There are 4 protein chains.
Amino acid sequence: MSRPLDKKELIRKAAIQVISRQGYYYATTDQIAEEAGVAVGTIYNYFRSKEEILEHIFKVEVDKRFRYYEGLVNQNLPALEKLQRLLTMHFAEVLREPQVGQIMVRERLSPEDQQLPGIRGFLQGVPSRLQTILEEAVAKGEIRPCDTEIVAAALFGSIEAVVSKAVFAQDQNKQKEFLQNAARELMDLYVRGLENR
Amino acid sequence: MSRPLDKKELIRKAAIQVISRQGYYYATTDQIAEEAGVAVGTIYNYFRSKEEILEHIFKVEVDKRFRYYEGLVNQNLPALEKLQRLLTMHFAEVLREPQVGQIMVRERLSPEDQQLPGIRGFLQGVPSRLQTILEEAVAKGEIRPCDTEIVAAALFGSIEAVVSKAVFAQDQNKQKEFLQNAARELMDLYVRGLENR
Amino acid sequence: MSRPLDKKELIRKAAIQVISRQGYYYATTDQIAEEAGVAVGTIYNYFRSKEEILEHIFKVEVDKRFRYYEGLVNQNLPALEKLQRLLTMHFAEVLREPQVGQIMVRERLSPEDQQLPGIRGFLQGVPSRLQTILEEAVAKGEIRPCDTEIVAAALFGSIEAVVSKAVFAQDQNKQKEFLQNAARELMDLYVRGLENR
Amino acid sequence: MSRPLDKKELIRKAAIQVISRQGYYYATTDQIAEEAGVAVGTIYNYFRSKEEILEHIFKVEVDKRFRYYEGLVNQNLPALEKLQRLLTMHFAEVLREPQVGQIMVRERLSPEDQQLPGIRGFLQGVPSRLQTILEEAVAKGEIRPCDTEIVAAALFGSIEAVVSKAVFAQDQNKQKEFLQNAARELMDLYVRGLENR
DNA sequence: AATGAATGAGGGTTCATTCAT
DNA sequence: AATGAATGAACCCTCATTCAT
């Protein structure tokens, strides 16, 4: 009894290993297959192309974040609390699978022509959701008026930079500590920076 | 009268066009040669490999920043003023050659194995210099104590994200306005966020 | 109650659809299976290989012609009448299943190494039977002496060319008219061309 | 001093060897390169794809025929004489390069979708030119009225069948004799068949 | 008999790099 | 220094065939 989904998962996991190690362009389908313990052909029973694997990796992560976001957005919470939780959740996920984090910070940018929809979803969806929360916070008077588009972009960049730093650090123990401190420090920074005085 | 350096510059400029348009991996040496109006072979009289072209592009930019930084660091100025000037200078440069900006935000991350020294210089040098300034600011009491490593990384990320947003925007007029607003907004954000109250 | 033979027929019919549409080399076993509404594996319960399907398609048609020919050959008829009937029968069959006609004109030639026995049977059997009839006609004085080998080949070629033209024509109504005219025209041409004056 | 045309010719010739031996689909670019004594990559400096090689092979032959046809068409000759000369020229060419003949009879038919323009030129151009000559002959009263479209197709088919027979014959001496006889026999056949009595 | 996921050899094509001119 | 044709390793992907269920 072979459950296809398991095999697709297997390949996704293998691809994460190889792509995080070598980068997308230097990762070969043969390597991914070998890492997964399947034949190359098998990959193509689950993905139409190498690109689609990368897209799927992004999609899984993006869906996870967006589902969490959806569950959060309509709750009766201070906007800043929502932001805090999102950030914490994101960092926790990165910590759980640092290699996925590596891939996401590394491979998200490619020329518009070959930009994968799944990646666009990440690149546009995340900041726009951050912006939505910021606007709510401004409306509620939790933070001062500001250019929410710029601040959202800056926040997104801060987060990715911190993830990048964590994720490319050798020591796995420091990773955890670093990310926990970073979450606090970032919230602190942005809360103060946006505070309504 | 074309001196070798001129030709190297010619190739660098052509490479910037092509790489910013297609991305490093999809940019071919043939295309770069054609854009430069020289033969492929000529490229290899000035660069040892395709990688070295990318590295050179980074190096030119990094040197520019670091030279500016060196001229700044020993001046008798408030640390925050130094930060402000650095940031302004950086954004002005990006505005002057947005395509270089594109390349820098896009190609800076690649697997460690292939990481070019020139890129590492950018990736580690810039945040570490930001960190130095932040430490000076803390020491002088201009800003509150904080984890300068994290804040420097966050600041670097914010800057790159804003550049990224500007640089991938279609409208060139908005680019300018956006980057000017962004410089002010970012400084505002970080100054408030780090302010000693 | 589906007897194995039914399924083999099912696959043969499906293969005819797909191969006539795409050509033998571009027709995949998956497509044939899908068209037949069976699994790929099932094909291999009835055919040893993809080639054998093509061979079978030819064999069915060739057998049909040869059986008709056998019933004709010993009858007491003018040789030219036999030729006429063969030709009429062939065109009627093509009209009944134009796609088989397409396959036969298209796929009959392949390198000797891979030449399938079933195709050889068609390629050599048909002209040699035409030649036999022509020789009979010469012997009976119905037609003038001629190089029957060449004339048989020419006749075979004429027929295939006309079939090809009919079969690749879009309009199905014209097909019928065209083939009927062609049968008459061809007989006319060859009867006059070979007539004993 | 390397003249590109020579190299393109070299590859064309090699491709003719390999394709006539194995058939287009079983001929690999590696084999063609080896036969030509060049690297695979070199092929792609002269042809955009494997298909384009086949197309080029056809084009060269078709151009040869069409050029000859153009030189013939406006001469003050009986139409049947023109036909005769065309046929003789064609058979002489086939005799000179039987392998090209093999390729032309073998690879000319493939599904419309992937039909190469160069092949279409052959498949439509030749019969339509034959038809033009036949119409002229009818107009001049050299031959009886007939359906020139069908007769042209039949003639084309006859020629190709004869070529096919010659070209797949082992013995090279017989080839010559056979084709010479065939030219005479075919003209005889069609002249009688179309004669105005 | 029927299934269809798994297989992996093999194919067409690309492109950074070289080197004779 | 400049050229650009030649190179060939390496890549992504296909698809006929198999075999455990």
Side-chain angles (χ1 to χ4, degrees), chain A residues 1-4 6-8 11 25-34 36-53, chain B residues 2-4 7-8 11 25-34 36-53, chain C residues 2-4 7-8 11 25-34 36-53, chain D residues 1-4 6-8 11 25-34 36-53:
Chain A
M1 174 205 48
S2 72
R3 280 173 303 169
D6 289 350
K7 188 76 44 104
K8 189 168 186 177
I11 293 167
Y25 294 103
Y26 293 120
T28 71
T29 48
D30 279 357
Q31 287 171 323
I32 294 173
E34 196 188 335
V38 301
V40 224
T42 302
I43 292 178
Y44 289 85
N45 289 336
Y46 296 93
F47 298 94
R48 254 193 296 278
S49 65
K50 188 187 163 193
E51 268 196 346
E52 220 187 68
I53 304 176
Chain B
S2 73
R3 283 170 310 153
K7 190 139 300 174
K8 189 168 186 178
I11 294 168
Y25 294 104
Y26 293 120
T28 69
T29 48
D30 278 354
Q31 287 173 320
I32 294 172
E34 196 190 335
V38 301
V40 228
T42 303
I43 292 179
Y44 286 83
N45 288 333
Y46 297 93
F47 298 95
R48 251 194 300 277
S49 67
K50 189 186 164 193
E51 272 195 342
E52 220 186 67
I53 304 176
Chain C
S2 73
R3 283 169 310 153
K7 191 142 298 179
K8 187 168 187 177
I11 293 168
Y25 293 103
Y26 293 121
T28 69
T29 48
D30 279 354
Q31 287 172 320
I32 295 172
E34 195 190 335
V38 302
V40 228
T42 304
I43 293 180
Y44 286 83
N45 288 334
Y46 296 93
F47 298 94
R48 251 195 300 276
S49 68
K50 188 187 165 192
E51 272 197 341
E52 220 185 67
I53 305 177
Chain D
M1 175 204 48
S2 73
R3 280 173 302 167
D6 288 350
K7 190 76 44 103
K8 189 168 186 178
I11 293 168
Y25 294 103
Y26 293 120
T28 70
T29 48
D30 279 357
Q31 287 172 322
I32 294 173
E34 196 188 336
V38 301
V40 227
T42 302
I43 292 179
Y44 288 86
N45 288 338
Y46 295 94
F47 297 94
R48 254 193 297 278
S49 67
K50 187 187 165 193
E51 267 197 345
E52 220 187 66
I53 305 177

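Predicted model, so just to flag it, every value in this text is computed and none were measured. Below, chain A is the first sequence line, B the second, and so on; all start at residue 1.
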Quiz item: Between A/Asp30 and D/Val40, which has a closest nucleotide on DNA chain F that is more 5'?
Solution: D/Val40

Quiz prompt | Cationic tip of B/Lys8 above B/Phe47 ring, under 6.0 Å, 45° of axis | solution = yes

Quiz item: If you look at every strand shown and take non-hydrogen atoms under 4.0 Å, does B/Thr42 touch a base, only sugar-phosphate, or nothing?
Solution: base

Quiz item: Reckon B/Tyr44 has a side-chain N or O less than 4.0 Å from the OP1 or OP2 of E/dT17?
Solution: yes

Exercise. For A/Arg48 and for C/Ser49, find the nucleotide of DNA chain F with the closest heavy atom, then tell me which residue's nucleotide is more 5'.
Key: A/Arg48

Exercise. Using both distances under 3.5 Å as the test, list the Watson-Crick or G-U wobble partner of F/dA9, or none.
Key: E/dT14

Practice problem: Test A/Ile53 against A/Tyr46 for side-chain contact (heavy atoms from CB on, under 4.5 Å), laying out the working first. | Solution: CA-CA 9 Å; A/Ile53 304 176; A/Tyr46 296 93; over 6 Å; no

Quiz item: Sub-3.5 Å donor-acceptor pair from the side chain of A/Gln31 to the main-chain atoms of A/Thr28, do we have one?
Solution: yes

Quiz item: Can you tell me how far C1' of E/dT13 sits from CD of D/Glu52, to the nearest Å?
Solution: 13 Å

Exercise. Output yes when at least one side-chain N/O atom of B/Thr29 is less than 4.0 Å from OP1 or OP2 of E/dA16, else no.
Key: yes

Quiz item: Are D/Lys7 and F/dA6 close enough that a side-chain N or O sits under 4.0 Å from OP1 or OP2?
Solution: yes

Exercise. Give the rounded distance in Å between these two atoms: NZ of A/Lys50 and P of F/dT14.
Key: 15 Å

Quiz item: What's the CD1-P distance between B/Ile32 and E/dA16, to the nearest Å?
Solution: 8 Å

Quiz item: Can you tell which of F/dG4, F/dA6, E/dT3 lies closest to the side chain of C/Asn45?
Solution: E/dT3

Quiz item: Heavy atoms under 4.0 Å, any strand shown: does A/Ala27 hit a base, just sugar-phosphate, or nothing?
Solution: sugar-phosphate

Quiz item: For E/dT21, which nucleotide in any strand shown is its Watson-Crick or wobble partner with both distances under 3.5 Å?
Solution: F/dA2

Self-check item: Phosphate-side-chain proximity, C/Tyr46 and E/dA2, N/O vs OP1/OP2 below 4.0 Å
Solution: yes

Exercise. Round to the nearest Å and state the distance from A/Tyr26 atom OH to F/dC12 atom C1'.
Key: 16 Å

Exercise. Figure out the OH/P separation between C/Tyr25 and E/dG10, and round it to whole Å.
Key: 17 Å

Self-check item: B/Lys50 side-chain N/O to B/Ala27 backbone N/O, donor-acceptor pair under 3.5 Å
Solution: yes

Quiz item: Does the A/Glu34 side chain pair with the main chain of A/Asp30, one donor and one acceptor, at a distance under 3.5 Å?
Solution: no

Quiz item: Among F/dT7, E/dG8, E/dA16, which is the nearest nucleotide to the side chain of B/Thr28?
Solution: E/dA16

Quiz item: Just how far, in rounded Å, is C1' of F/dG4 from CD of B/Gln31?
Solution: 16 Å

Quiz item: Expressed in angstrom and rounded to an integer, what is the separation of C/Ile11 atom CD1 from E/dA2 atom P?
Solution: 8 Å

Self-check item: Euclidean distance, atom CD of residue C/Glu34 to atom P of F/dC15 [Å, nearest integer]
Solution: 14 Å

